[in-house]
Structure formats: C-alpha cells, structure tokens
*Asks:* 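Attaching a single structure in structure tokens format; questions to follow.
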Amino acid sequence: MAAASSNYWEDLRKQARQLENELDLKLVSFSKLCTSYSSSRDGRRDRYSSDTTPLLNGSSQDRMFETMAVEIEQLLGKLTGINDKMSEYTNSAGVPSLNAALMHTLQRHRDILQDYTHEFHKTKANFLAIRERENLLGSVRKDIESYKSGSGVNNRRTELFLKEHEHLRNSDRLIEETISIAMATKENMTSQRGMLKSIQSKMNTLANRFPAVNSLIQRINLRKRRDSLILGGIIGICTILLLLYAFH
C-alpha cells in the first residue's frame, strides 16, 4: 500500500516536472513572438514613413499568438490540476515527517506554477497593448493618407478658407483693441475734465469767500507804492541840496 502510494506521488511529480518543462519552452517562444511582433511593426512603420509600399498585415503573427496563448493556458490548467492532486495526496498522508517533506515539494511546485502564470499574463498583456497601439497608429496613418490623397483643389480651397478665417479673426482682434484704447482715452479725458472743473470751482469758492482779503491786499500794495514815491522824492531833494551846497 505504501509502495503504491509512493509510486502515485512520484508519478504526479514526474507529470508536474514534464508540464513545467513544456511551459518553460512555450513561455520562451511566446516572449520571443511578442518581441519579434514589436520589432517587425517598428520596421514596417519606418518603411511606411519612407515610401508608399503597401504594408503586410500581421494576421499570421496574431494567429500564432492566439494559438500559443491557448496552448499555454491549457498547460497551466493541467499543471494546476496536478498540483491539486498533489495537495490532496499530502493531506491524506499519515506520516508527519513524510508529510512535511511532501508539503515542501508541493510548495515549490506551486511557486513555479505561480511564476509561470504571472509571466504568461504579463507577456500577454504586453502583446495586446502593443497590438492595440499599432492598430490605433495604423488607423491614424490611413486617415492621413486619405487626406493627402484627396483632391488638390479642395485642399487648396480649404487652406484659403482657413487663412481667410484667420485674417478675419486678426482683424476683429485689432478692432477690439482699438475700441478698448479709445474707451480708455475717453475715460481719462473725462476724469481730467472733472478734476479741472473741481479745481476751478474751489478757486471760485475761495475768491467768493474772502473778498475782504483781496481788498486789503490791494490797499497794502497801493500804500507801498505811495511810500516808495515819497521816499524817492525825499532822496532826490536831499541829493539836489547836497549838490548845490557843494558847488556854491
């Protein structure tokens, strides 16, 4: 009974190692396919930008990708089933020391399965992202080529319409700027006019409020002139008298 059980465990381990080896080879080929897909797309894009040679589609690579993805998923499913059977066997084993060794082996196979599954999903996601990006770029290129291959007259008319539209926009912008400057000048002149009127009214108010001051200032000026005339006359008479006395 123990020998049969041991043979069953060894058979499961042999199947697991065989599936792991197949998965390893498949994943390497799968990764090379994704790399060659990206490189071939880049090369075709360079040729496309240099001339007008029709592109070869990547349908063959897409079919190969789908086929390999299905095969890898099947192998992963089989390896998962083998790991489940190994887990059931370890749970039914009765010897503690043997059970611990089996659990260690099972954990190692589970880690390998997890690594292969992660690597497969990562490579598949990268491939799908590259293909989606290339499809979008191809669509954009087709739109550009269809636009370039259109009628030259229509393109010329479109360019003229666009230029005329741009000229009209520039004219509208210049008119708006001129109107803004004129409005600002008008506001400044109105403000200055108001300030001048305010100063004039204040001056008139001061003149009307202090008429006596103006009269007093005028009287003071008249008296100063009179005093100056009297002083000048006295100085002149004194000078004449001094001259007469000197030459007498």
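Note that these values count all heavy atoms, side chains included, but never hydrogens, waters or copies made by symmetry.
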*Asks:* Calculate, to the nearest 0.5 Å, the distance between atoms CE and CD1 belonging to Met183 and Ile181 respectively.
*Replies:*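 So the gap between those two atoms works out to 13.0 Å.
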
*Asks:* Between Ile179 and Ile175, is the side chain to side chain contact (heavy atoms under 4.5 Å, CB included) condition met? List the steps.
*Replies:* CA-CA 6 Å; Ile179 293 174; Ile175 292 172; 3.8 Å; yes

*Asks:* Just verifying a value: how many Å separate Glu22 CD and Leu79 CG, rounded to the nearest 0.5 Å?
*Replies:*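 Glu22 CD to Leu79 CG: 10.0 Å, rounded to 0.5 Å.
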
*Asks:* Looking only at heavy atoms, which two atoms of Leu76 and Leu113 are closest? And how far apart?
*Replies:*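 Smallest interatomic distance, heavy atoms only, reads CD2-CD1, 3.9 Å.
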
*Asks:* Okay, side chain of Asp24, backbone of Glu20: is any donor-acceptor separation there less than 3.5 Å?
*Replies:*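 Not a single qualifying donor-acceptor pair exists.
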
*Asks:* Using side-chain heavy atoms (C-beta onward) and a distance below 4.5 Å, is Trp9 in contact with Thr105?
*Replies:*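 Sidechains of Thr105 and Trp9: in contact.
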
*Asks:* With side chain to side chain contact (heavy atoms under 4.5 Å, CB included) as the test, would you mind laying out the steps for Phe127 and Asp62 before giving the verdict?
*Replies:* CA-CA 10 Å; Phe127 182 90; Asp62 293 337; 4.0 Å; yes

*Asks:* Would a 4.5 Å heavy-atom cut-off, applied to side chains only, mark Met189 and Lys186 as touching?
*Replies:*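 Side chain of Met189 against side chain of Lys186, heavy atoms only: no contact under 4.5 Å found.
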
*Asks:* Atom NZ of Lys14 and atom CG of Asn7: how far apart are they, to the nearest 0.5 Å?
*Replies:*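 That separation rounds to 9.5 Å.
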
*Asks:* Quick one: do the Asp11 and Gln15 side chains pair a donor with an acceptor below 3.5 Å?
*Replies:*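 Looking only at side-chain atoms, Gln15 and Asp11 do form a donor-acceptor pair, the distance falling under 3.5 Å.
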
*Asks:* For Phe30 and Phe65, take the angle between the two ring planes, folded into 0 to 90°, and tell me which bin it lands in: parallel under 30, tilted 30 to 60, perpendicular over 60.
*Replies:*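 If you compare the ring of Phe30 with that of Phe65, the planes turn out parallel.
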
*Asks:* Between Lys124 and Glu73, is there a salt bridge with N-O shorter than 4.0 Å?
*Replies:*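 Result for this pair is yes, salt bridge flagged.
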
*Asks:* Nearest 0.5 Å, what's the CG-CD1 distance between Leu27 and Ile72?
*Replies:*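 Between atom CG of Leu27 and atom CD1 of Ile72 there are 4.5 Å.
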
*Asks:* Which atom names give the shortest non-hydrogen contact between Ser87 and Thr90, and what distance separates them?
*Replies:*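 Taking Ser87 first and Thr90 second, the nearest heavy atoms are O-OG1, 2.7 Å.
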
*Asks:* With heavy-atom distances below 4.5 Å as the criterion, would you say the side chains of Arg223 and Asp227 are in contact?
*Replies:*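 Arg223 reaches Asp227 side chain to side chain.
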
*Asks:* With a 3.5 Å distance limit and no angle check, can you tell me whether Ser191 reaches the backbone of Glu187 through a side-chain donor-acceptor pair?
*Replies:*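 Side chain of Ser191 to backbone of Glu187: no pair is present.
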
*Asks:* Would you say His109 and Arg17 make side-chain contact, with heavy atoms under 4.5 Å?
*Replies:*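 SC-SC contact between His109 and Arg17 confirmed.
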
*Asks:* Where is the tightest heavy-atom contact between Arg110 and Asn83, given as atom of each residue plus distance?
*Replies:*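 Looking at all heavy atoms of both residues, the closest pair is CA-ND2, 4.1 Å.
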
*Asks:* State whether the number of non-hydrogen atoms from other residues, nucleotides or ligands found under 6.0 Å of Glu132 atom CD is greater than 12.
*Replies:*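 It does not: Glu132 CD has 12 such atoms or fewer within range.
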
*Asks:* Judged by atom type as modelled, is there a donor-acceptor pair below 3.5 Å linking the side chain of Ser31 to the main-chain atoms of Val28?
*Replies:*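 Pair absent, no side-chain N/O of Ser31 close to backbone of Val28.
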
*Asks:* Please name the pair of heavy atoms, one in Thr123 and one in Cys34, separated by the smallest distance, quoted to 0.1 Å.
*Replies:*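 For Thr123 versus Cys34, the nearest heavy atoms are CG2-SG, 3.4 Å.
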
*Asks:* Can you check side chain to side chain contact (heavy atoms under 4.5 Å, CB included) on Ile220 and Lys224, steps first, answer last?
*Replies:* CA-CA 6 Å; Ile220 292 172; Lys224 287 174 67 177; 4.1 Å; yes

*Asks:* Output the distance between atom OG1 (Thr117) and atom CD1 (Ile112), rounded to the nearest 0.5 Å.
*Replies:*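 Spacing of OG1 (Thr117) from CD1 (Ile112) equals 11.5 Å.
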
*Asks:* If you define the side chain from C-beta out and look only at heavy atoms, does anything of Glu71 sit under 4.5 Å from Leu75?
*Replies:*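 Side chain of Glu71 against side chain of Leu75, heavy atoms only: no contact under 4.5 Å found.
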
*Asks:* Do Glu66 and Arg131 pass the salt bridge (Lys or Arg N to Asp or Glu O under 4.0 Å) test, and can you show the C-alpha distance, the side-chain angles, and the key distance before you say yes or no?
*Replies:* CA-CA 13 Å; Glu66 298 294 340; Arg131 187 171 65 181; 3.7 Å; yes

*Asks:* Using 4.0 Å as the upper bound for N to carboxylate O, is an ion pair formed by Lys26 and Glu119?
*Replies:*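 No, this pair does not count.
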
*Asks:* With the side chain counted from C-beta on, respond yes when Leu25 and Ser29 share a heavy-atom pair under 4.5 Å apart, and no when they do not.
*Replies:*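 Not touching, per the 4.5 Å side-chain cut-off.
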
*Asks:* Has the side chain of Thr239 got a donor or acceptor atom that lies under 3.5 Å from a matching backbone atom of Ile235?
*Replies:*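 Side chain of Thr239 to backbone of Ile235, a donor-acceptor pair under 3.5 Å: yes, one is there.
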
*Asks:* Report yes if some heavy atom in the side chain of Ser198 is under 4.5 Å from a heavy atom in the side chain of Met195; otherwise report no.
*Replies:*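 Contact flag for Ser198/Met195 side chains = no.
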
*Asks:* Does some side-chain heavy atom of Glu166 sit less than 4.5 Å from a side-chain heavy atom of Leu162?
*Replies:*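 Heavy-atom side-chain distance check fails, nothing below 4.5 Å.
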
*Asks:* Just how far is it from atom NE2 of His104 to atom CZ of Arg108, taken to the nearest 0.5 Å?
*Replies:*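 One gets 7.0 Å once the value is rounded to the nearest 0.5 Å.
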
